[in-house]
Protein chains: 2
Amino acid sequence: MRDTRASLLSEAEILVRGRGYSGFSYADLAEAVGIRKASIHHHFRTKEELAGALIEAYEARYDAALDTIAGDTRDGVERIEAYGRLYLGGVEQGLGCLCAALAVELETLPEGLRRSIVRFFDKHIAWLAGVLEEGQIDGSVRRGLDPQAHARLIVAALEGALLLERFLAGPEGFARTLTALSEGLRPAA
Amino acid sequence: MRDTRASLLSEAEILVRGRGYSGFSYADLAEAVGIRKASIHHHFRTKEELAGALIEAYEARYDAALDTIAGDTRDGVERIEAYGRLYLGGVEQGLGCLCAALAVELETLPEGLRRSIVRFFDKHIAWLAGVLEEGQIDGSVRRGLDPQAHARLIVAALEGALLLERFLAGPEGFARTLTALSEGLRPAA
DNA sequence: GGAAATCTACCTACTAGATGGTTGGCAATA
DNA sequence: TATTGCCAACCATCTAGTAGGTAGATTTCC
């Protein structure tokens, strides 16, 4: 059934985001889903293949969210804030970013996964830079700032805030950081 | 000898920062230092004890650096930039932050280590908030901003930038992010 | 001063349990 | 009949940690 595969992806994502890639095992996952360890291999031949599918699904969800934001809002800073709120769910559930969890183990990560992670972040930076540039043209974003550099800053700040506020100040802490971040993007009053 | 213990701490830090806490083993560490696996237990009874010592040493180095910055510079934004440059070494060596590497595995982390990590970040946020407040008084930092919120933002942005630029754009990418970050703290011209 | 006791730093050899992964088979479905 | 989804049993390897010992330095006590 398609069902088991989806459960495996869902539960594996929770495990990786909660305890890291080499911090979770097939035994953990089998228990979470309620099948035997050997059966996981029927759906994902190796742990690496599972991780690849995890990133793919995660990325697809973000892609859809970026489209929604672009369709729903016009104002540049509002778009950035909406983007920032995508991370909020993680803080609320006490789960970090999937790609951040993998990135920590960069050195021992298979080449394929490494490339997927690079792609994930590069895409976000490019999207944000586009939002900022467009916002500068329509006047919803401060003119002086460098869109490329600020796009990097936004991803870094949100990734960092998710990492930290998960165990520091929770959703409120994250919200404060997001506010401080977006304030700096508004055109001078 | 004190020497072996120091080597163990140094090599273990490199391993954890490069591949995560559960991504490195006593076997890896033994090979890196050039002693047998069992001998590590003579210096650090358990892996958790080793991790604790790792954080302690890491924290002490940061404490010393914060004191140096406070002694060497007066200008608020300059202090923040100097603080940001503390992270640069990691990017150059391709090593993430020790506490970030541990934080990713939060869920399975022993309570004691968890507390140490909270203390590490809380201390940095408090120090940065103090720098910003002082800077607002002497006019070297923009008045409007909330010191607490921006202290959180600074730590988050730098932790995130270290995590990302390690494999994205390297030291140049990190420098761009740091510039974008500190620009927003300067008083309006 | 010198023997005895203790400590330090390391070793080989081992343990129990976990790790990702394999094999071969069984039942349901299409 | 062929495929799908799952399973028990197994495998080699790795995991942190233990047991017990050796050689050499340091301390203690007569």
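Protein chains get the first letters and strands the later ones, always in sequence-line order, with residue 1 at the start of each.
For A/H41 and D/dA8, the NE2 to C1' distance is 14 Å, given to the nearest whole Å. Per the geometry, CG belonging to B/L8 stands 17 Å off P belonging to C/dT8, to the nearest Å. Going from atom CZ of A/R5 over to atom P of D/dC6 covers 12 Å, rounded to whole Å. The separation between A/F44 atom CZ and D/dG5 atom P is 12 Å, rounded to whole Å.
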(Q) Go through it in stages, so that I can follow the logic: the residues are B/V131 and B/I69, the test is side chain to side chain contact (heavy atoms under 4.5 Å, CB included), and I'd like the CA-CA distance, side-chain angles, deciding distance and then a yes or no. (A) CA-CA 10 Å; B/V131 167; B/I69 293 171; over 6 Å; no

Q) Checking side-chain hydrogen bond (donor to acceptor under 3.5 Å, both in side chains) for the pair B/E78/B/T73: CA distance, chi angles, key distance, verdict? A) CA-CA 7 Å; B/E78 261 179 54; B/T73 52; 5.4 Å; no

Q: Check the pair B/E107, B/R114 against salt bridge (charged side-chain N to carboxylate O under 4.0 Å, His left out), reporting the backbone distance first and the verdict last.
A: CA-CA 9 Å; B/E107 224 171 66; B/R114 216 182 291 200; over 6 Å; no

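Contact check of residues 45-56 of chain A against DNA chain D (heavy atom, cut-off under 4.0 Å) returns no residues at all. For residues 20-31 of chain B, proximity to DNA chain C is found at no residue, defined as any non-hydrogen atom under 4.0 angstrom from a strand atom.
Applying the ring pair (Phe, Tyr, Trp, His ring centres under 6.0 Å) definition to pairs two or more places apart or across chains, none involves residues 143-180 of chain B.
Under 4.0 angstrom from either OP1 or OP2 of C/dT8 there lies no side-chain N or O belonging to B/H43. Between B/H42 and C/dC10 there is no side-chain N or O to OP1 or OP2 distance below 4.0 Å.
For the pair A/E134 (side chain) and A/G76 (backbone), a donor-acceptor distance under 3.5 Å is absent. Side-chain N or O atoms of B/R186 include none that pairs as donor or acceptor with a backbone N or O of B/V141 at under 3.5 Å. Between the side chain of B/D28 and the main chain of B/S25, a donor-acceptor pair closer than 3.5 Å is present.
Think of A/I14 as one node in a network of Ile, Leu, Val, Met, Phe, Trp and Tyr side chains linked at under 4.5 Å; its network also takes in A/L95.
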Q: Would you give a per-nucleotide map of nucleotides 11-16 of chain C, 5' to 3', where B means the base has a protein non-hydrogen atom under 4.0 Å away, S means only the sugar-phosphate does, and - means neither?
A: BBB---

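A/Q148 is listed as a side-chain neighbour of A/I125, based on a closest heavy-atom distance under 4.5 Å.
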Please list every donor-acceptor pair under 3.5 Å in which a side-chain atom of residues 156-165 of chain A meets a protein atom from a residue at least two apart or in another chain.
unit_1: A/E165; atom_1: OE1; unit_2: A/A169; atom_2: N; d: 3.1
unit_1: A/E165; atom_1: OE1; unit_2: B/R152; atom_2: NH2; d: 3.0
unit_1: A/E165; atom_1: OE2; unit_2: B/R152; atom_2: NE; d: 2.7
unit_1: A/E165; atom_1: OE2; unit_2: B/R152; atom_2: NH2; d: 3.4

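The existence of a salt bridge linking B/E183 and B/R176 is excluded, since no basic side-chain nitrogen approaches an acidic carboxylate oxygen closer than 4.0 Å.
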